[in-house]
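Report on the following structure.
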2 protein chains.
Amino acid sequence: MADIHPEHAHIIEQTKANMPSEEILEKTADVFKVFGDKTRIRILSALSEGEMCVCCLCDLLEMSQSAVSHQLAVLKSARLIKSRREGKQIYYSLDDAHIGAILCTGISHVEED
Amino acid sequence: MADIHPEHAHIIEQTKANMPSEEILEKTADVFKVFGDKTRIRILSALSEGEMCVCCLCDLLEMSQSAVSHQLAVLKSARLIKSRREGKQIYYSLDDAHIGAILCTGISHVEED
DNA sequence: AATACATATGAATATTTGTTCATATGTTCA
DNA sequence: TGAACATATGAACAAATATTCATATGTATT
């Protein structure tokens with residue numbers, strides 16, 4: 001960790017002043033981290049078509065119930081999805097429109113190439 | 001991995017048909033994965049204020065040159081940033097406006113709460 | 001109440017990943 | 001050309017994480 005070059009001090013201060021707080025940046029990274037897994041993206045993509053129960057997701061993703069439930073728990077604790085029970089089944093859906101928007105932004109970025 | 005419930009077959013097929021390809025979804029997850037680290041988010045946030053050389057970033061982030069360079073390499077290979085050399089220094093900047101937009105979307109999501 | 005079904009969850013394991021340390025590469029200037 | 005500076009990079013290690021396996025919880029049905 002070298003010393004700060006005096007001629008950089010100004011631009012560093014200015015940039016720092018314009019950046020969001022460390023707390024916001026850390027939370028932002030944490031949100032993206034949750035989007036940054038193939039299984040979770042597949043789940044979010046499926047749910048963006050409408051709510052779906054766990055076993056439906058397992059069938060669709062061709063993954064074990066346990067693996068899917070674990071990832072649903074991650075998504076839920078990050079508040080990207082919400083759930084409601086109907087009898088024996090639990091239906092999951094995107095928590096709000098914002099989530100679908102973030103997903104779309106990412107997909108568009110990949111598709112435009 | 002249980003059998004597919006026959007009554008789910010239709011909704012599963014329909015959902016599948018509307019979802020992006022596995023390849024797109026995997027690439028999307030990979031993009032978000034790169035955004036999903038505090039150091040990289042801090043770098044991207046700094047660069048969204050304008051281009052900056054490596055040592056400036058080290059000073060700003062208060063991190064070792066090696067750690068910063070490693071993350072710059074990750075960001076560059078994911079095409080989120082680009083670089084240009086000027087003398088001994090190398091200046092990094094966001095690769096295109098899209099990157100700043102994705103970053104902003106994430107930050108807004110965190111800030112609105 | 002007992003059984004079957006749908007989902008959740010703890011522990012263990014294997015893989016991925018971020019930082020550090022040491023060193024290599026490339027540029028400038030004397 | 002040699003020394004100093006800016007940056008990159010390989011290897012090693014520690015920490016984080018996704019899946020599996022086994023099992024627990026909660027609901028409906030008989």
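In what follows, every chain begins at residue 1, and chains take the letters A, B, ... in the order their sequences are listed.
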*Is there a chain of hydrophobic side chains (I, L, V, M, F, W, Y, each step under 4.5 Å between heavy atoms) that links B/I12 to A/L72?*
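Shared cluster, yes.
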Using atom [atom1] of [X] as one end and atom [atom2] of [N] as the other, report the distance to the nearest whole Å.
{"X": "A/K38", "N": "C/dT16", "atom1": "NZ", "atom2": "P", "result": "14 Å"}
{"X": "A/L75", "N": "C/dT7", "atom1": "CG", "atom2": "P", "result": "16 Å"}
{"X": "B/Q71", "N": "C/dT20", "atom1": "CD", "atom2": "P", "result": "11 Å"}
{"X": "B/F35", "N": "C/dG18", "atom1": "CZ", "atom2": "C1'", "result": "18 Å"}
{"X": "B/L57", "N": "C/dT19", "atom1": "CG", "atom2": "C1'", "result": "17 Å"}
{"X": "B/D59", "N": "D/dC5", "atom1": "CG", "atom2": "C1'", "result": "14 Å"}
{"X": "A/Q89", "N": "C/dC5", "atom1": "CD", "atom2": "P", "result": "13 Å"}
{"X": "A/R84", "N": "C/dT7", "atom1": "CZ", "atom2": "C1'", "result": "15 Å"}

*For DNA chain C, whose closest nucleotide is more 5', that of A/A67 or that of B/R40?*
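Nearest-nucleotide comparison on DNA chain C picks A/A67.
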Quick one: does [X] reach the base of [N] with a side-chain donor-acceptor pair under 3.5 Å?
{"X": "A/Q65", "N": "C/dA8", "answer": "yes"}
{"X": "B/S64", "N": "C/dC21", "answer": "no"}
{"X": "A/S66", "N": "C/dT9", "answer": "yes"}

[X] side chain: which of [options] is closest?
{"X": "A/L72", "options": "C/dT7, C/dA8, D/dT7", "value": "C/dA8"}
{"X": "B/M63", "options": "D/dT7, C/dT19, C/dA8", "value": "C/dT19"}
{"X": "A/I90", "options": "D/dA6, C/dA8, D/dT27", "value": "C/dA8"}
{"X": "B/D37", "options": "D/dT19, C/dG18, C/dT7", "value": "C/dG18"}

*Residue whose closest nucleotide on DNA chain D lies nearer the 5' end, B/A73 versus B/K88*: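 That would be B/K88.
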N/O donor-acceptor pair under 3.5 Å between [X] side chain and [Y] backbone:
{"X": "A/D30", "Y": "A/K33", "answer": "no"}
{"X": "A/R85", "Y": "A/G87", "answer": "yes"}
{"X": "A/S45", "Y": "A/I41", "answer": "no"}

Give one of base, sugar-phosphate or nothing for [X], where a contact means two heavy atoms less than 4.0 Å apart.
{"X": "B/K76", "answer": "nothing"}
{"X": "B/K33", "answer": "sugar-phosphate"}
{"X": "B/Y92", "answer": "sugar-phosphate"}

*With centres under 5.5 Å and planes under 30°, do B/H70 and D/dT9 count as stacked?*
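One would call B/H70 stacked on the D/dT9 base.
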*Counting only heavy atoms not in B/I24, do more than 12 fall under 6.0 Å of its CD1?*
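Yes - once you tally the heavy atoms of other residues, nucleotides and ligands closer than 6.0 Å, there are more than 12.
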